[in-house]
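To keep things clear, I will list the structure first and then write my remarks on it.
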Amino acid sequence: MSWGIDLWDQFDNLDKHTQWGIDFLDRYAKFDQFDNLDKHTQWGIDFLDRYAKFVKERLEIEQAYAKQLRNLVKKYCPKRSKDDEPRFTSCISFYSILNELNDYAGQREVVAEEMGHKVYGELMKYSQDLKCERKHHLQEGRKAQQYLDHCWKQMDSSKKKFERECKEAEKCQLLYERLDNDINATKSEVEKAKAQLYLRTHMADESKNEYAAQLQTFNREQWKHFNSAIPQIFKNLQDMDQQRTVKLGETYRSFAEVERRVVPIISKCLEGMVSAGKAVDERKDSTIVVESFKSGFEPPGDFPFEDFSQNIQRTGSDGTIGTPKNEGGKPDPKHSISKAKNKLWLFGKKPKAPTLEDFSHLPPEQRRKKLQQRIEELNKELQKEVDQRDALNKMKDVYEKNPQMGDPSSLQPKISETMCTMERLRSEIHKNESWLSEVEGKQSSRSDRRPSADVNHHAPHGRESPEGSYTDDPSQEHRSPPQPDPHEFDDEFDDDDPLPAIGHCKALYAFDGANEGTLVMKEDEVLYVIEEDKGDGWTRARKQSGEEGYVPSSYVDITLEKNSKGS
């Protein structure tokens, strides 16, 4: 009987202990951090994705900026032929700046590419790994919580069973005591009640042992849960979040390092632009302009002094007064000067002439440069043909030694064609060299005889050089042919008295005399020189038939004869 009472007292103690454990679990559940950690880690991943989006938009800006820079460079640096290569230092410097700007655009592309691979790419990969790791840790925490809840349910079930068995044992104990004290109860009823009390007491004892075992298991798992499993999961989440913060710091530094690595190269590009600006040389550009457009003509000489007092003295001696006439059929100086005012000026507009093969439409200096340039180009072409001929001959020798490699006769047409091309190029070179020697010889002869002739004779300044003249367009390399003023020549041929010859000349080329006031001549025709070229490119000549006119100075070989009185 006392065992049953002792058993009930132990139940009260166990009830109090288990109720304390349940109350502790409920109190701890109020401070459960899983929801907070879930929200915080999700916020960290969202922030990481937001930064990755920022990096993506930044590299897209870099790509668009680089593309616009390259389009700008392409717009202002068009494709040029070999003849259009810039010569002036200002143009060369500008194209150097465009090249440097193109390199600068390339560095912006490098920045965008590095950001794409080392920052944005790593961020996206790390974001996926971080999401998987977070999901794993949260699942581990939920599994641990579910396992602890399962242990608590088993313990609570065994507790309730133990409570029921104790109550049934208490009822059996009261029934046995009542029958044992009842004198009217039979012995079989008492024994039956005693057996029932023993059975219920045994079942309560088993329930007690089961409840104690479940309670011990729950307490052990609860201790593990709150002292080992949950702290480890929290630590893993903390390490994950700290690693996310570290990764953000690394990408921040990488974001800046990508820019810093190209700064030295960008500085060199800017230094190149500054150097290009310093390389602009105005004197060199002016020299290039002079070398490009100088004509090789010498400026006309001074007008000689004409003494009109001789006519007055002669008139006075004859006793008559009259209007003096110009002797020698020379034009009136005033008239000549007025006619010459509008001729051969730098900015006068000249009609454009067709380009001639020997460049005789150009001034002497320009003609010499063009001929030299053509000779160099022909020599290069000739060298290419020579190399091709040598290569074909070697191939022909190989075919002759090894017939299985090819037919030697198949190369003969190509070799013949190459030989013909070489002969044609040699002929062209010889022809241009003769023109070049002619130009150089005439320039030297003209410079030798001009100082003595300029002082004694008056030149009509109203005619342009047959080799070209200045135009108002400085970029126009081709010079126009002379277009004499017909009225000017008419005025100068009004005199009846023929001018005395000062020498003779031989025509090197035929001249059609298309313009009014000019003289038609045939090749090798001999003419009388009655007025020498004074720098305008024209010489006044007379045929044996007495016809007079102007002929191009570069078309005749002049021989001056001193003290000549006429034809």
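Quick caveat, the model's predicted, so the values are computed rather than measured. In this chain, numbering begins with 1 at the start of the sequence shown.
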Find the distance between [atom1] ([X]) and [atom2] ([Y]) and round it off to the nearest 0.5 Å.
{"X": "Glu168", "Y": "Met203", "atom1": "CD", "atom2": "CE", "result": "8.5 Å"}
{"X": "Glu377", "Y": "Asn379", "atom1": "CD", "atom2": "CG", "result": "10.5 Å"}
{"X": "Tyr120", "Y": "Arg58", "atom1": "OH", "atom2": "CZ", "result": "16.0 Å"}
{"X": "Glu177", "Y": "Cys172", "atom1": "CD", "atom2": "SG", "result": "11.5 Å"}
{"X": "Ile429", "Y": "Leu378", "atom1": "CD1", "atom2": "CG", "result": "5.0 Å"}
{"X": "Met115", "Y": "Glu60", "atom1": "CE", "atom2": "CD", "result": "12.5 Å"}

Checking side-chain polar atoms at under 3.5 Å, does [X] have a donor or acceptor matched by the opposite partner on [Y]?
{"X": "Arg200", "Y": "Gln173", "answer": "no"}
{"X": "Arg389", "Y": "Thr418", "answer": "no"}
{"X": "Lys396", "Y": "Gln412", "answer": "yes"}
{"X": "Asp46", "Y": "Gln42", "answer": "yes"}
{"X": "Gln107", "Y": "Asp103", "answer": "no"}
{"X": "His150", "Y": "Gln154", "answer": "yes"}

Neighbour count >12 (heavy atoms, 6.0 Å) for atom CD, Gln216: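 At most 12 heavy atoms, drawn from other residues, nucleotides or ligands, come within 6.0 Å of this atom.
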Lys247 NZ: over 12 foreign heavy atoms closer than 6.0 Å: yes
Check ion pair [X]-[Y] (N to O, under 4.0 angstrom):
{"X": "Lys125", "Y": "Glu122", "value": "no"}
{"X": "Glu259", "Y": "Arg108", "value": "yes"}
{"X": "Glu257", "Y": "Arg260", "value": "yes"}
{"X": "Arg424", "Y": "Glu428", "value": "no"}
{"X": "Lys394", "Y": "Asp397", "value": "no"}
{"X": "Glu423", "Y": "Arg426", "value": "yes"}
{"X": "Lys167", "Y": "Glu163", "value": "yes"}

Keeping the roles fixed (side chain from [X], backbone from [Y]), state whether a donor-acceptor pair exists under 3.5 Å.
{"X": "Ser157", "Y": "Lys153", "answer": "no"}
{"X": "Asp281", "Y": "Arg283", "answer": "yes"}
{"X": "Asn236", "Y": "Gln232", "answer": "yes"}
{"X": "Asn432", "Y": "Ile375", "answer": "no"}
{"X": "Ser93", "Y": "Ala276", "answer": "yes"}
{"X": "Asp156", "Y": "Trp152", "answer": "no"}
{"X": "Ser437", "Y": "Ser434", "answer": "yes"}
{"X": "Ser127", "Y": "Leu123", "answer": "no"}
{"X": "Tyr126", "Y": "Arg244", "answer": "yes"}

By ring-ring contact (aromatic ring centres under 6.0 Å, His included) - contacts of Tyr252 (at least two apart): Tyr51
Evaluate the side-chain proximity of [Y] to [X]: yes if any heavy-atom separation is below 4.5 Å, no if none is.
{"X": "Leu59", "Y": "Glu114", "value": "no"}
{"X": "Arg374", "Y": "Lys370", "value": "no"}
{"X": "Met240", "Y": "Arg134", "value": "yes"}

Centroid-centroid distance, Tyr76 to Tyr95, less than 6.0 Å: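 No, the ring centres sit 6.0 Å or more apart.
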Set of residues satisfying salt bridge (Lys or Arg N to Asp or Glu O under 4.0 Å) with respect to Asp49, sequence neighbours excluded: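 Asp49 satisfies salt bridge (Lys or Arg N to Asp or Glu O under 4.0 Å) with Lys131 only.
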From CA spacing to verdict: ring pair (Phe, Tyr, Trp, His ring centres under 6.0 Å), Tyr176, Tyr198: CA-CA 10 Å; Tyr176 172 72; Tyr198 179 78; over 10 Å; no
Results of side-chain contact (heavy atoms from CB on, under 4.5 Å) for Lys235 - residues two or more places apart only: Asp239
